[in-house]
Engineer: 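Provided herewith is a single structure, encoded as structure tokens, for subsequent inquiry.
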Amino acid sequence: MTENIEAIFIDLGNTLRSLVKDEQHMCRARNELVRLVGTEEDPLTFVQKLTERYKGYRKWAFENLAEAPEAELWTRWLVPEFPPERIAPLGGELTYQFRQSMGRRVVVAGGREVLDELRNRGFTLGIISNLIGTREIPEWLETEDYARYFKAVALSSVLGIRKPSPEIYLQAARRAEVEPARCAYIGDNLKRDVTGTRAAGFGMVVIMISPEELAQAEITDENRPAHIIHKFQQLLELFPGR
């Protein structure tokens, strides 16, 4: 089945990158959020409030398969009590700091080595990911020298559409100049990542999930991936080369 695959698209959160709870990193971001917004609230309490409000935004985003612009995210959902004319221009920086307040994101063990080898084996690589914020990923790709690996990057924060909408997958395939049937997707969500890739006509979907999470999951015909892996390095076993 893998012999027909030309392009491999990879999710970011819980797939290529993982979240590390670095308290010093998180504290700096909380303090910066308070400063930017101009509130006298305790930074930790303020971010906890943002996190609760963010759940309401997430509900809207999932129901509409859409991602709001950063200015709208903050003026409509996260801090609607502050003057929108002051908050809207800060949307990009606020989103970046809000993401940092959750923790520090690092590439999974062996991630760069796997990308190197997949590219050497002749695969076109890309990213398809749901996330808020337009600054974080482009900066990470450039500063940590990951941009060279990926021909196509499709982010919900940039395109305004979210997985499992098939359109985000189709746009990524078009950017990579590869037919959807010759594309594989590596994700971590049994429902969202499987249904989206199937609707887009992707040739394969691989789910990376821990054995503990898998033991609690219900696998049905609707969410059954082609393969399940537990570690990113296992991609080299699935895709031996073109």
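Because the structure is a prediction, the values reported are computed rather than measured.
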Engineer: State whether the side chain of R192 and the backbone N or O of S165 hold a donor-acceptor pair below 3.5 Å, judged by distance alone.
Structural biologist: no
Engineer: Are any of the side-chain nitrogens in E167 or R174 under 4.0 Å away from the carboxylate oxygens of its partner?
Structural biologist: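 Between R174 and E167 there is a salt bridge, with a charged N closer than 4.0 Å to a carboxylate O.
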Engineer: Out of F98, W77, W74, which one pairs with Y54 under the ring-ring contact (aromatic ring centres under 6.0 Å, His included) rule?
Structural biologist: F98
Engineer: Give a yes or no on whether the backbone of I168 and the side-chain of R162 come within a donor-acceptor separation of less than 3.5 Å.
Structural biologist: no
Engineer: Do P180 and L170 have side-chain heavy atoms sitting under 4.5 Å apart?
Structural biologist: yes
Engineer: For residues R53 and P80, report the shortest heavy-atom separation together with the two atoms involved.
Structural biologist: NH1-CD, 3.7 Å
Engineer: For E213 and S210, what are the C-alpha separation, side-chain angles and deciding distance, and is it a side chain to side chain donor-acceptor pair (under 3.5 Å)?
Structural biologist: CA-CA 5 Å; E213 290 177 301; S210 70; 3.2 Å; yes
Engineer: Check the pair E70, T134 against side chain to side chain donor-acceptor pair (under 3.5 Å), reporting the backbone distance first and the verdict last.
Structural biologist: CA-CA 8 Å; E70 289 157 297; T134 55; 2.9 Å; yes
Engineer: So F150 and L115, side chain to side chain contact (heavy atoms under 4.5 Å, CB included) or not? Walk me through it.
Structural biologist: CA-CA 9 Å; F150 302 109; L115 296 177; 3.8 Å; yes
Engineer: Check whether any side-chain heavy atom of I209 sits under 4.5 Å from a side-chain heavy atom of I229, and report yes or no.
Structural biologist: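 No - every pair of side-chain heavy atoms lies 4.5 Å or more apart.
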Engineer: Give a yes or no on whether the backbone of N14 and the side-chain of S18 come within a donor-acceptor separation of less than 3.5 Å.
Structural biologist: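 No; zero donor-acceptor contacts below 3.5 Å.
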Engineer: Is the shortest distance from a Lys or Arg side-chain nitrogen in R86 or E81 to a carboxylate oxygen in the other one below 4.0 Å?
Structural biologist: no
Engineer: Could you check E52 against K55 for salt bridge (Lys or Arg N to Asp or Glu O under 4.0 Å), going step by step and ending with a plain yes or no?
Structural biologist: CA-CA 5 Å; E52 283 302 309; K55 293 177 183 178; 2.9 Å; yes
Engineer: Which heavy atom of V47 sits nearest a heavy atom of S101, and at what distance?
Structural biologist: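 Shortest heavy-atom contact: CG1-OG, 3.7 Å.
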Engineer: Does E85 have more than 12 heavy atoms from other residues, nucleotides or ligands lying within 6.0 Å of its CD?
Structural biologist: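 Result for CD/E85: enclosed.
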Engineer: Hey, does K151 have a side-chain heavy atom less than 4.5 Å from the side chain of E177?
Structural biologist: yes
Engineer: Looking at every non-hydrogen atom in both residues, tell me the closest pair between L78 and L50 and how far apart they are.
Structural biologist: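 Scanning both residues completely, I find the closest heavy atoms to be O-CD2, 3.6 Å.
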Engineer: Under the side-chain contact (heavy atoms from CB on, under 4.5 Å) test against L12, which residue among L16, T15, I10 passes?
Structural biologist: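 Answer to the side-chain contact (heavy atoms from CB on, under 4.5 Å) test with L12 among L16, T15, I10: L16.
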Engineer: Any chance you could measure D116, atom CG, to L236, atom CG, to the nearest 0.5 Å?
Structural biologist: 10.5 Å
Engineer: Work out which heavy atom in A152 is nearest to a heavy atom in A172; give both atom names and the distance.
Structural biologist: CB-O, 3.6 Å
Engineer: Is the terminal nitrogen or CZ of R112 (NZ for Lys, CZ for Arg) located under 6.0 angstrom from the six-membered ring centre of Y146 and within 45° of that ring's axis?
Structural biologist: yes
Engineer: Using a strict 4.0 Å threshold on nitrogen-to-oxygen distance, state whether E93 and R135 make a salt bridge.
Structural biologist: yes
Engineer: Hey, are the side chains of F46 and R30 touching, using non-hydrogen atoms and a 4.5 Å cut-off?
Structural biologist: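 Not in contact.
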Engineer: Per the side-chain contact (heavy atoms from CB on, under 4.5 Å) rule, which among M204, K163, R198 passes with Y185?
Structural biologist: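 Looking at M204, K163, R198, the match for Y185 under the side-chain contact (heavy atoms from CB on, under 4.5 Å) is K163.
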Engineer: Can you check side chain to side chain contact (heavy atoms under 4.5 Å, CB included) on F82 and T39, steps first, answer last?
Structural biologist: CA-CA 9 Å; F82 287 86; T39 179; 3.8 Å; yes
Engineer: Quick one: do C27 and N31 satisfy side chain to side chain contact (heavy atoms under 4.5 Å, CB included)? Show the steps, please.
Structural biologist: CA-CA 6 Å; C27 182; N31 290 336; 3.7 Å; yes
Engineer: Apply side chain to side chain donor-acceptor pair (under 3.5 Å) to the pair Y57 and E67, showing each step before the final yes or no.
Structural biologist: CA-CA 9 Å; Y57 167 74; E67 203 77 77; 2.5 Å; yes
Engineer: Rounded to the nearest 0.5 Å, how far apart are CG of D42 and CD of Q48?
Structural biologist: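 Output value for this atom pair is 8.0 Å.
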Engineer: Let me confirm one number: the CG-OG distance from L155 to S157, rounded to the nearest 0.5 Å.
Structural biologist: 5.0 Å
Engineer: Between R175 and V153, is there a donor-acceptor pair closer than 3.5 Å when you use the side chain of the first and the backbone of the second?
Structural biologist: yes
Engineer: Side chains of I228 and V206: does their closest heavy-atom pair fall under 4.5 Å?
Structural biologist: no
Engineer: Are R17 and W140 in a cation-pi setup, meaning NZ or CZ lies under 6.0 angstrom from the ring centre and within 45 degrees of the ring axis?
Structural biologist: yes
Engineer: Taking A109's backbone N and O only, do any of them form a donor-acceptor pair with K231's side chain (distance below 3.5 Å, no angle check)?
Structural biologist: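 Flag not set: sc K231 to bb A109 has no pair under 3.5 Å.
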Engineer: So, the side chain of N64 versus the backbone of A66: is there a donor-acceptor pair under 3.5 Å, distance only?
Structural biologist: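 Not at all, since once roles are kept as given, no pair shorter than 3.5 Å links the two residues.
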Engineer: In terms of hydrophobic clusters joined by side-chain contacts under 4.5 Å, are L159 and L73 together?
Structural biologist: no
Engineer: If the threshold is 4.0 Å, N to carboxylate O, is there a salt bridge linking E41 and K49?
Structural biologist: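 Looking at E41 and K49, the cut-off is met.
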Engineer: Looking at CD1 of I5 and CZ of R182, how far apart are the two atoms once the value is rounded to the nearest 0.5 Å?
Structural biologist: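 It comes to 8.5 Å.
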Engineer: Less than 4.5 Å apart, side chain to side chain, heavy atoms only: is that true for H230 and L214?
Structural biologist: yes
Engineer: Can you tell me if CD on E222 sees more than 12 non-hydrogen neighbours from other groups inside 6.0 Å?
Structural biologist: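 Count not over threshold, so no.
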Engineer: Is it possible for you to say whether V34 and M26 belong to one hydrophobic cluster, with membership spreading through side-chain heavy-atom contacts below 4.5 Å?
Structural biologist: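 Per the 4.5 Å side-chain linkage, V34 and M26 are not co-clustered.
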Engineer: Should E139 and E144 be marked as a side chain to side chain contact (heavy atoms under 4.5 Å, CB included) after you check the CA-CA gap, both sets of side-chain angles, and the distance that decides it?
Structural biologist: CA-CA 8 Å; E139 283 191 8; E144 297 195 23; over 6 Å; no
Engineer: Do E117 and N120 have side chains that approach each other closer than 4.5 Å (heavy atoms only, starting at C-beta)?
Structural biologist: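 Of all side-chain heavy-atom pairs linking N120 with E117, at least one is under 4.5 Å.
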Engineer: Supply the atom-to-atom distance N223 CG to L190 CG, rounded to the nearest 0.5 angstrom.
Structural biologist: 5.0 Å
Engineer: Do R121's NZ or CZ and the ring of F239 fall within the cation-pi criteria of under 6.0 Å and 45°?
Structural biologist: no
Engineer: I'd like to know if I132 and V158 are part of one continuous hydrophobic network [Ile/Leu/Val/Met/Phe/Trp/Tyr, side-chain heavy atoms within less than 4.5 Å].
Structural biologist: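 In one cluster: no.
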Engineer: What is the distance from atom OG of S156 to atom CD1 of I161, rounded to the nearest 0.5 Å?
Structural biologist: 9.0 Å
Engineer: Is it the case that one hydrophobic cluster holds both L65 and F202, taking links as side-chain heavy atoms less than 4.5 Å apart, direct or via other members?
Structural biologist: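 As far as the 4.5 Å side-chain criterion goes, F202 and L65 are not connected within one cluster.
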Engineer: Check D193 against G187 and note the closest heavy-atom contact, atom names and distance.
Structural biologist: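 That closest heavy-atom pairing would be OD2-CA, 3.4 Å.
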Engineer: Inspect the contact between R35 and E32 and indicate whether a charged nitrogen and a carboxylate oxygen are less than 4.0 angstrom apart.
Structural biologist: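 Looking at E32 and R35, the cut-off is met.
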Engineer: If two hydrophobic side chains count as joined below 4.5 Å and joins carry through other members, does I186 share a cluster with L141?
Structural biologist: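 Shared cluster, yes.
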Engineer: Restricting to non-hydrogen atoms, name the atom on A200 and the atom on Y169 that form the minimum distance, rounded to 0.1 Å.
Structural biologist: CB-CB, 3.6 Å
Engineer: Look only at the side chain of E136 and the backbone of G133, and say whether a donor-acceptor pair between them is shorter than 3.5 Å.
Structural biologist: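 Looks like no, no N/O pair under 3.5 Å.
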Engineer: Does the side chain of E6 reach to within under 4.5 Å of the side chain of F123, using non-hydrogen atoms?
Structural biologist: no
